[in-house]
J.: 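Sharing a structure below in structure tokens format, with a few things to ask.
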Amino acid sequence: MLKVKLPDGSIKEYSAPVRAIDVAADIGPGLAKAALAAQIDETIVGADTLLPADGELSLRFLTKKDPEALDVMRHSCAHVMARAVMRLFDGVKLAFGPTTENGFYYDFQTEQPITEDDFPAIEKEMAKIIKLNEPFERLDRSREEALTICRDMGQPLKVEHIEDGLAEHDTLSFYRQGEFIDLCRGPHVPAAGAIGACKLLSVAGAYWRGDASRQQLQRLYGTAFFDKKALAAHLKLVEEAKRRDHRVLGKRLELFTIDPLVGAGLILWLPKGAVIRGLLEDYIRTELRRRKYDAVYTPAIGRVELYEISGHYPYYSDSQFAPIVMDENEKYLLKPMNCPHHIMIYKSKPRSYRDLPVRLAEFGTVYRYEQSGELSGMTRVRGFTQDDAHIFCTEEQVAEEFRSCLEMTQSILKSLALDNYRVRLGFRDPQSDKYVGDEDVWNRAEAALEQVCREIDLPNLEIERGEAAFYGPKADFVVADCIGREWQLGTVQLDYNLPSKERFALEYTGADNKSHQPVMIHRAPLGSMERFIAMLIEHFEGAFPLWLAPEQIRVLTVSEKSEEYGRQIETALTEAGLRVTGDYRPEKLGAKIRDGGMEKIPYLCIVGPRDAEQGTVSLRDRLDGDLGAMSLDEALERLREEIASRRVRQIAETTVDLAERGGGHEY
RNA sequence: GCUUUCGUAGCUCAGUGGUAGAGCACUUCAUUGGUAAUGAAGAGGUCGUGGGUUCGAUCCCCACCGAAAGCUCCA
């Protein structure tokens with residue numbers, strides 16, 4: 001006797017063996033038709049899964065409306081894609097084909113490379129397969145049979161996977177659709193017709209089993225939705241992201257540039273970008289003063305020996321610029337981080353417990369030789385500036401200092417209306433022995449950190465075991481921008497390694513007149529200026545709030561007749577402390593307004609003969625349009641208030657529904 | 001670093017084995033206009049760099065530089 005509990009709480013009983021789909025049919029033919037998969041207790045299974053003969057289980061059916069069903073369908077679509085590819089190309093060896101958050105991919109080893117030019121043919125073949133609406137048939141086989149099947153099909157990667165990846169499994173499952181059979185744990189939708197709309201997106205290389213020393217496969221990316229509308233919405237989101245691309249906007253709005261002659265991954269901040277960065281730095285400096293940090297400056301290079309002590313050299317030499325060699329005994333490294341320099345400042349005099357915490361802050365520019373394939377705009381670069389600081393404190397002070405760092409980061413994010421973020425607490429993996437420091441100290445530190453995070457009520461706190469640095473636990477801020485993309489930015493990390501005797505042997509004299517080792521905290525609320533501003537550009541779509549806008553207001557003359565008055569107004573605005581320009585070209589007003597709009601200038605100040613006569617200006621707001629004529633004082637009042645409060649009035653909104661996302665699974 | 005794709009005017013992009021084109025931007029001239037593109041003319045390119053094939057290469061081949069997507073790495 002089997003008792004099946006349904007989501008509405010009702011219970012059905014069966015004495016003869018049934019499949020999930022039979023239960024659905026029992027409830028109603030509509031459900032049986034709509035059911036794409038089922039969930040037994042916590043496990044998602046195919047709709048045709050045979051239920052156990054006895055016992056009790058809860059069962060729910062997944063239809064198009066359930067995000068889990070989208071994931072199942074995309075996985076089925078990956079099979080359809082693989083089937084299409086095998087029809088069109090010779091000697092295709094299958095690897096893995098999982099789903100991702102936004103779609104799916106399948107890795108192949110092919111005799112000939114697949115290129116984007118092949119997409120239309122593959123998509124056409126997929127459409128044919130989907131139209132046939134053949135079922136996905138599950139076959140369970142013993143290990144031996146499974147190996148024979150994969151060998152007979154000429155699928156060496158699958159054979160390898162069975163032999164070691166699935167060494168523990170006694171039985172293995174295949175899914176068959178027509179001539180296509182794939183080793184796969186499933187589940188799948190009942191038949192290919194459930195795939196409403198799909199599209200191939202890109203092709204890229206991917207290492208077999210993620211191992212760079214193994215052969216590289218062709219990874220074909222695609223996505224699928226239950227209907228064309230949802231696919232269109234997703235593609236629109238991709239378009240939207242493209243439109244916000246900081247590399248494009250950064251060029252168009254003249255914020256930064258990268259020149260191969262200077263070097264890949266090295267940012268040249270153009271005047272307008274430099275304004276934004278300068279304002280953010282000023283803002284951070286104010287916050288640092290309030291929080292009793294001491295500003296320091298340190299050089300861009302340091303002796304190699306310094307980094308030998310810190311342990312960063314030669315350990316990270318692959319991702320460092322090669323040393324500058326003056327002679328055998330004199331070698332310098334372009335600094336890959338600021339901490340060793342700050343440590344030497346700490347060590348520049350004896351420290352008493354009365355001096356602690358010592359908080360040393362610097363916008364420190366560091367250089368790392370990232371591998372060429374990693375470079376990307378301002379988000380992944382070879383030279384970047386951290387809003388860095390290092391806090392040296394006693395173990396008793398750690399919790400309070402940590403709290404203060406988190407609060408500072410929160411306050412800065414809040415001032416930019418970046419309200420959607422989560423915090424990841426990286427703790428050590430108790431199984432691993434890669435960590436330095438006493439287990440006791442770790443336990444105390446992790447407990448203190450977690451408690452602080454709970455006390456200040458950090459949003460969406462997650463504890464991730466095994467994500468700590470080897471030298472200490474950390475908290476990372478992951479900020480979501482206005483179209484839902486996540487950026488890892490600020491970080492706070494405890495460090496028990498660098499202060500230790502094996503490294504820099506930091507000390508302070510305690511109340512007991514004995515020497516003690518301080519704890520070090522690395523923290524950077526924004527992370528790197530480059531990366532943070534890249535995120536801001538995309539988040540605001542280049543339309544920065546008034547206080548950050550490189551050009552806050554532009555005087556536009558209605559005709560050249562008003563140039564003199566316009567220049568007076570421009571001077572007055574400049575003297576009032578605004579970043580202002582004037583457009584006195586002999587263009588029509590509409591054209592000047594359009595240009596101002598394209599350059600995302602928050603306010604346009606339009607002056608014509610009427611204004612000159614009455615001593616007024618006509619403000620035009622980037623968001624609300626024409627505000628009408630007003631006195632200069634009135635205009636200034638409005639602008640000053642908006643600047644002083646650092647108001648974020650608008651974040652360009654997304655028009656796309658973010659809800660429709662799958663979870664992504666390994667298969 | 002690896003795989004695939006790409007590199008033509010400041011920008012966005014056409015194009016061809018016979019030494020190059022559009023739109024926007026730019027310059028000049030005319031127009032003097034009240035809230036998202038006035039009209040005309042002009043200037044601007046060693047077709048990423050270096051080799052090779054060819055009578056001839058921007059186009060085909062190779063190497064290098066740079067970029068995009070992804071993989072691997074990330075103190």
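Labels below follow one simple rule: chain letters A, B, ... track the order of the sequence lines, proteins then strands, and each chain is numbered from 1.
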J.: Using atom C1' in both nucleotides, what's the gap between B:C6 and B:A14 to the nearest angstrom?
T.: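 Per the computed distance, 16 Å lies between those C1' atoms.
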J.: Assign A:Tyr315 to base, sugar-phosphate, or nothing according to its heavy-atom contacts below 4.0 angstrom with the strands shown.
T.: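 No contact.
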J.: NA contact type, A:Phe470, heavy-atom cut-off 4.0 Å: base, sugar-phosphate, or nothing?
T.: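 A:Phe470: no heavy atom of the nucleic acid under 4.0 Å.
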J.: Give a yes or no answer on whether the side chain of A:Asp90 reaches the backbone of A:Glu111 with a donor-acceptor pair at less than 3.5 Å.
T.: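 Checking the backbone N and O of A:Glu111 against the side chain of A:Asp90, no donor-acceptor pair under 3.5 Å is found.
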J.: At under 4.0 Å, does any side-chain N or O of A:Arg585 touch on OP1 or OP2 of B:U27?
T.: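 For B:U27, OP1/OP2 do not have a side-chain N/O of A:Arg585 under 4.0 Å.
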J.: Between the base of B:A36 and the side chain of A:Arg620, is there a donor-acceptor distance below 3.5 Å?
T.: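 Counting by modelled atom types and ignoring angles, a donor-acceptor contact under 3.5 Å is found here.
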J.: May I ask you to say whether A:Arg485 pairs ionically with A:Glu538, meaning some side-chain N is under 4.0 Å from a carboxylate O?
T.: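 So A:Arg485 pairs with A:Glu538 through a salt bridge.
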J.: Pick the nucleotide of RNA chain B nearest each of A:Tyr369 and A:Gly628; which residue has the one closer to the 5' end?
T.: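 With A:Tyr369 and A:Gly628 compared, the 5'-side residue is A:Tyr369.
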J.: So with a 6.0 Å cut-off around NZ of A:Lys434, is the heavy-atom count from everything else above 12?
T.: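 Check passes, neighbour count above 12.
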J.: Ignoring hydrogens and angles, answer whether the base of B:G70 and the side-chain atoms of A:Tyr207 contain a donor-acceptor pair closer than 3.5 Å.
T.: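 Absent.
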J.: Looking at every strand, decide which applies to A:Glu587 at a 4.0 Å heavy-atom threshold: base, sugar-phosphate, or nothing.
T.: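 Counting heavy atoms under 4.0 Å across all strands, the contact made by A:Glu587 includes a base.
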J.: Going by modelled atom types, is there a donor-acceptor pair between the base of B:A75 and the side chain of A:Ser319 at under 3.5 Å?
T.: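 Donor-acceptor pair under 3.5 Å: yes.
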J.: Between B:G15 and B:G52, how far apart are the P atoms? Round to whole Å, please.
T.: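 These two P atoms come out 30 Å apart once rounded.
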J.: Can you tell me, in whole Å, how much space there is between the P of B:A67 and that of B:U53?
T.: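 That atom pair is separated by 31 Å.
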J.: What about A:Gln320: does its side chain form a donor-acceptor pair under 3.5 Å with the base of B:A75?
T.: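 For A:Gln320, whose side chain was compared with the base of B:A75, there is a donor-acceptor pair (under 3.5 Å).
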J.: Using a 4.0 Å heavy-atom cut-off, does A:Gly373 contact any base of the nucleic acid, only the sugar-phosphate backbone, or nothing at all?
T.: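 Base contact.
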J.: What contact category does A:Ser202 fall into here, base, sugar-phosphate, or nothing, at under 4.0 angstrom with non-hydrogen atoms?
T.: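 Here A:Ser202 touches the backbone only, sparing every base.
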J.: Is there a donor and acceptor pair, one atom on the side chain of A:Gln216 and one on the base of B:C2, closer than 3.5 Å?
T.: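 When only heavy-atom distances are counted, A:Gln216 does reach the base of B:C2 through a donor-acceptor pair under 3.5 Å.
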J.: It should be established whether A:Arg247 places a side-chain nitrogen or oxygen under 4.0 Å from OP1 or OP2 of nucleotide B:A68.
T.: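 Affirmative; the distance criterion is met.
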J.: Do A:Thr379 and A:His246 make a side-chain contact, defined as non-hydrogen atoms from C-beta onward lying under 4.5 Å apart?
T.: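 SC-SC contact between A:Thr379 and A:His246 confirmed.
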J.: Compare side-chain N and O positions of A:Lys561 against OP1 and OP2 of B:G33 and report whether any pair is under 4.0 Å apart.
T.: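 Yes, within the criterion.
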J.: Answer yes or no: is there a side-chain heavy-atom contact under 4.5 Å between A:Val492 and A:Ile521?
T.: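 SC-SC contact between A:Val492 and A:Ile521 confirmed.
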J.: For the side chain of A:Asp626 and the base of B:G34, is some donor closer than 3.5 Å to an acceptor across the two?
T.: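 No, the side chain and the base share no sub-3.5 Å donor-acceptor pair.
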J.: Please classify the nucleic acid contact of A:Asp211 as base, sugar-phosphate, or nothing, using heavy-atom distances under 4.0 Å.
T.: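 The residue A:Asp211 makes no contact with any strand.
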J.: Is the count of non-hydrogen atoms from other residues, nucleotides or ligands lying under 6.0 Å from A:Gln112 atom CD greater than 12?
T.: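 Atom CD in A:Gln112 is not packed in, count stays at 12 or less.
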J.: Given Watson-Crick or G-U pairs with both distances under 3.5 Å, what dot-bracket string fits RNA chain B, with | for other-strand pairs and [ ] for crossing?
T.: (((((((..((((....[..)))).(((((.......))))).....(((((..]....))))))))))))....
J.: Does the base of B:C74 carry an N or O that pairs as donor and acceptor with the side chain of A:Arg368 under 3.5 Å?
T.: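 A donor-acceptor contact between them is absent.
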J.: Is A:Lys251 near enough to B:C11 that one of its side-chain N or O atoms lies under 4.0 angstrom from OP1 or OP2?
T.: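 Yes, such a contact exists.
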J.: When the C1' atoms of B:G56 and B:U16 are compared, how many Å lie between them, rounded to an integer?
T.: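 So the two C1' atoms sit 14 Å from each other.
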J.: Given the rule in the ring pair (Phe, Tyr, Trp, His ring centres under 6.0 Å) test, do A:Trp487 and A:Phe477 qualify, once you have shown the distances and angles that lead to the verdict?
T.: CA-CA 8 Å; A:Trp487 304 70; A:Phe477 281 73; over 10 Å; no
J.: Answer yes when A:Glu563 and A:Arg567 have at least one side-chain N-carboxylate O distance shorter than 4.0 Å, and no when they do not.
T.: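 Judged by the 4.0 Å cut-off on N to carboxylate O distance, A:Glu563 and A:Arg567 do form a salt bridge.
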J.: Check every strand shown and say whether A:Ser213 touches a base, only sugar-phosphate, or nothing at a heavy-atom separation below 4.0 Å.
T.: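 A:Ser213: no heavy atom of the nucleic acid under 4.0 Å.
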J.: Which is true for A:Pro260 with a 4.0 Å heavy-atom rule: it touches a base, it touches only sugar-phosphate, or it touches nothing?
T.: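 Answer is sugar-phosphate: A:Pro260 comes under 4.0 Å of backbone atoms only.
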J.: Name the residue closer to the 5' end of RNA chain B, choosing between A:Gln371 and A:Thr115 according to the nucleotide with the nearest heavy atom.
T.: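 Its nearest nucleotide being more 5', the pick is A:Thr115.
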